[in-house]
Amino acid sequence: MTWAQVLELIKSILITQTGIPHLAVNQLIMICIAFFFLYLAVVKEYEPLLLVPIGFGIFIVNFPLTPLMGFSEHGTPELIRFFYKYGVEWEIIPCVIFLGLGAMTDFGPLIANPKTLIVGAGAQLGVFITYIGTLLCGFTLKEAASVGIIGGADGPTTIYLTAKLAPQLLGANALAAYSYMAMVPLIQPPIMRLLTTKEQRKIKMRQLRFVSKKEKILFPLIAATLIVLLIPAVAPLMGMFMFGNFMRECGVVKRLSDTAQNALMNIVTIFLGLSVGATMKAEVFLNVKPLLIFGFGLFDFVVCTAGGILTVHVMNLFLKEKMNPLIGSAGVSAVPMSARVSHSEGLKNDPDNWLIMHAMGPNLAGVIGSAAAAGMFIAMFQ
Amino acid sequence: MRLITHWLITVIWCIAVLISNPDQSLAAFGEDVEKPKPEFIKGTDKISAKLIPRGKSTTVTIDFECSDGKLVDVKAMDFGLAERPEVDRKNFKSELFTIEIGDVPKDKEITVSISSDFFSSSTQFYVFNEKLSTPWIKDVAQNVVQTGRIRSLLIHVTDGGPFDSDGAVNGTIFLVGGPFDSFWGYALGTLFIRFFGIFLVLGFLMCGMMLSGAFFQYLDKKQPSEKPIAMEQESTQKPEELIKEGVDSQTAAAIAVALHLHFQEQHRSSQVNLSSGGISNWIVQGRSRMMASRSISVQRIK
């Protein structure tokens, strides 16, 4: 073998088998974006459970020639594509996450004050207003629906709906949803102060009634029956959510409930985060749409927060016992973050006004409301 | 501050996107990502097109038939070829079609029928004929209800007439056009219905929960009225009287333990922070109970 042949071989290896000559500016930008999200998750602790795997997914998939998100010559999915195909494309992971969420949720505050369900519905206002906005910006109907649902502040619902309607926007939508969920304590308080007077913020609500074990056991069955009858399209999400909750409340399958809450939830979170992150390849992600999605996501959150508060104002016109409008902002379903924000804003105005349990009602209603909105959108495209 | 940082990053990202990829960055708009791709099935006297229309996730079937002559072929036509400022492709959910009808009798009007359960009462049919000064002829079809949910668009055409794209009286008609549904009418109409639909669904749930809540509260009220007989046997004194008299230390300790056990039972699933600094007697007691119960369950498993 001559030197020339050796050099040619080395050159050939460098070109065909290493990623260095294929590294493009786009990919470097995406790697920087990945570092930014990892920074937010690790240093700022913004939704670290999701942003760490998403950030790492963006990071690893944007290196050239990586056999992660493609298909082999024989058509077999590569590693992360495998997770994506069977977890997200087949819509399994978001539903399993709903199972875990159901197992973690205590519906007591919502059962004690069912009126707060209406607040949860009112807080979906942003979902529909953003839908119009995105349509005006040239998004398709399906894309607009998947962007609109970001304001519902429900990560798994956003992922479920986007995977179903506009998989090309999955990365941007998931990232926007989780980023803004982490920023609920920053986004909501100014809107809450703007839409309420000091007197309204001081309204004290009557202590919630005691909810018996039987009521808690029956709630998932009643809720599943009514919701699935009215919106069958939402059965995968609501069915799993209520099943998780039923396991928790019935008390006879503690091991299953614990697994759904912990081990299973953690496993699917890893796969979900990695898969979603890995969809954000430079060639797909670096265009104006994700930027618009981030813009609309923020607008969506603002309108949803305002929608919840305004719904409480309207309800107060008819109610004998007034509700504190601060709990309206908890109608966006970032559980329990937005309920905590309502509580802390209440405390700022009256240190004796404990709103946390009252705010949990609209907060849980928001979860049901955003899932119902997702079901409405799915049904619309059937 | 965090929000400002976030927006700053977004602006930087925006600039980076435009610099790195100026052509592609705006390409996402104007691209027909939902372009329907019909598949045609030829029958004896009708041709069916199966396609996923714009704004839908499920396949629909559109049947083409004609009253006289012979339905020779139906093909899909790219909207780009018929794009004019007066029409928006978003309004054409199911693509444009070129319908070829042969053996057309001279001077006879024939009726082309386009049927589907996908059409609504507001569906119209727009014909495109580039030989005309205004190529798009709007709302040319009669929208009629067939069996069940199927609707038909009936278009009356003559050989060499304005709807015939070849413009010649040659026994063949080329009808080019597509079913038209107002995009914004549909988008906004369905939006309001669905937003109020959420109120309706959650309103129903609220009523269900109020009813079940009232039922359970009624049951709970009923139950204590049966129980006190046993309680009264133990003590006929009311709690207020007990407090007035004063409680001895043993009774107080017993009440405290009972309360502790009750709340511990309620919160036994919550996490115990074993690394906390100040360990009270309550924590020590709780830990020993937890360890005892664990050893029992381990023995049972073994």
Side-chain angles (χ1 to χ4, degrees), chain A residues 25-26 29 32-33 36 44 110-112 114-115 117-118 120-122 124-125 127-128 131-132 135 137-138 140-144 164-165 168 179 183 186-187 209-210 212 214-215 218-219 222-223 226-227 230-231 283 286-289 291 294-295 365 368-369 372-373 376-378 380-382, chain B residues 1-3 5-7 9-14 16-21 24-34 54-58 90 183-184 186-188 190-213 215-217 219-220 269:
Chain A
V25 182
N26 288 351
I29 292 172
C32 292
I33 290 171
F36 170 64
K44 300 284 180 184
L110 183 65
I111 301 169
K115 285 195 285 281
L117 272 165
I118 301 300
Q124 306 309 314
L125 179 70
V127 173
F128 292 91
Y131 171 84
I132 300 171
L135 284 179
C137 278
T140 65
L141 283 169
K142 287 182 191 173
E143 286 176 338
K164 219 173 174 68
L165 301 182
Q168 69 275 17
S179 302
M183 285 195 274
L186 305 168
I187 299 168
R209 72 172 173 86
F210 171 75
S212 70
K214 278 179 206 161
E215 269 186 274
L218 275 178
F219 171 75
I222 296 170
L226 289 173
I227 295 170
L230 291 167
I231 324 171
E283 56 268 30
L286 284 182
N287 64 54
V288 178
K289 271 193 179 176
L291 292 170
F294 269 74
I368 298 173
M376 292 281 184
F377 279 133
I378 294 167
M380 178 175 158
F381 298 113
Q382 274 175 352
Chain B
M1 189 63 197
R2 277 186 194 175
L3 207 59
T5 316
H6 187 271
W7 276 101
I9 294 288
T10 312
V11 170
I12 293 166
W13 176 12
C14 186
V17 166
L18 290 170
I19 291 169
S20 71
N21 212 347
Q24 256 195 2
S25 56
L26 290 163
F29 293 98
E31 191 187 325
D32 192 4
V33 287
E34 289 188 311
R54 287 189 178 91
K56 287 276 166 191
S57 304
T58 46
K90 280 183 189 166
F183 173 80
W184 283 105
Y186 171 74
L188 295 179
T190 191
L191 192 74
F192 283 111
I193 294 167
R194 283 165 208 281
F195 181 53
F196 289 107
I198 293 180
F199 276 95
L200 196 74
V201 172
L202 296 193
F204 266 118
L205 185 58
M206 181 184 80
C207 294
M209 283 167 66
M210 279 178 160
L211 284 174
S212 68
F215 175 70
F216 280 108
Q217 275 176 295
L219 280 186
D220 288 343
S269 58

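Since we're looking at a predicted model, the values are computed, not measured. A note on names: the letters A, B, ... follow the listed sequences, proteins ahead of strands, and every chain is numbered from 1.
If you tally non-hydrogen atom pairs under 4.5 Å between each of B/Val201, B/Leu191, B/Thr58 and chain A, the highest count goes to B/Leu191. Annotation: maximal heavy-atom pairing with chain B below 4.5 Å, among A/Gly122, A/Ala112, A/Cys32, occurs at A/Gly122. By number of non-hydrogen pairs under 4.5 angstrom with chain B, the leading residue of A/Val127, A/Leu165, A/Leu125 is A/Leu125. Listed options B/Lys90, B/Gln217, B/Met210 were ranked by heavy-atom pairs under 4.5 angstrom with chain A; first place goes to B/Gln217. For the options A/Ile111, A/Ile132, A/Leu135, A/Ile378, heavy-atom pairs under 4.5 Å to chain B are most numerous at A/Leu135.
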Q. Can B/Asp220 and A/Ser212 be said to form a side-chain contact (heavy atoms from CB on, under 4.5 Å), step by step?
A. CA-CA 8 Å; B/Asp220 288 343; A/Ser212 70; 3.9 Å; yes
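Within the model, atoms CD1 of A/Ile222 and CE of B/Met209 stand 8.5 Å from one another, a figure rounded to the nearest 0.5 Å. The CG atom of A/Leu226 lies 10.5 Å from the CG atom of B/Leu202; values are rounded to the nearest 0.5 Å. Rounded to the nearest 0.5 angstrom, B/Thr190 OG1 and A/Met380 CE are separated by 4.5 Å. Rounded to the nearest 0.5 angstrom, A/Leu218 CG and B/Phe216 CZ are separated by 4.0 Å. Rounded to the nearest 0.5 angstrom, A/Ile118 CD1 and B/Leu205 CG are separated by 9.0 Å. Between B/Phe204 atom CZ and A/Leu117 atom CG the span is 13.5 Å, to the nearest 0.5 Å.
When each of B/Phe199, B/Phe195, B/Phe196, B/Phe192 is checked for a ring-ring contact (aromatic ring centres under 6.0 Å, His included) with A/Phe128, only B/Phe195 meets the rule.
Proximity to chain A is absent for every atom of B/Ile193, based on heavy atoms less than 4.5 angstrom apart. Residue B/Tyr186 touches chain A through its side chain alone, counting heavy-atom pairs closer than 4.5 Å.
Scanning both residues, B/Gly55 and A/Lys142, for their nearest heavy atoms gives C-CE, 4.1 Å.
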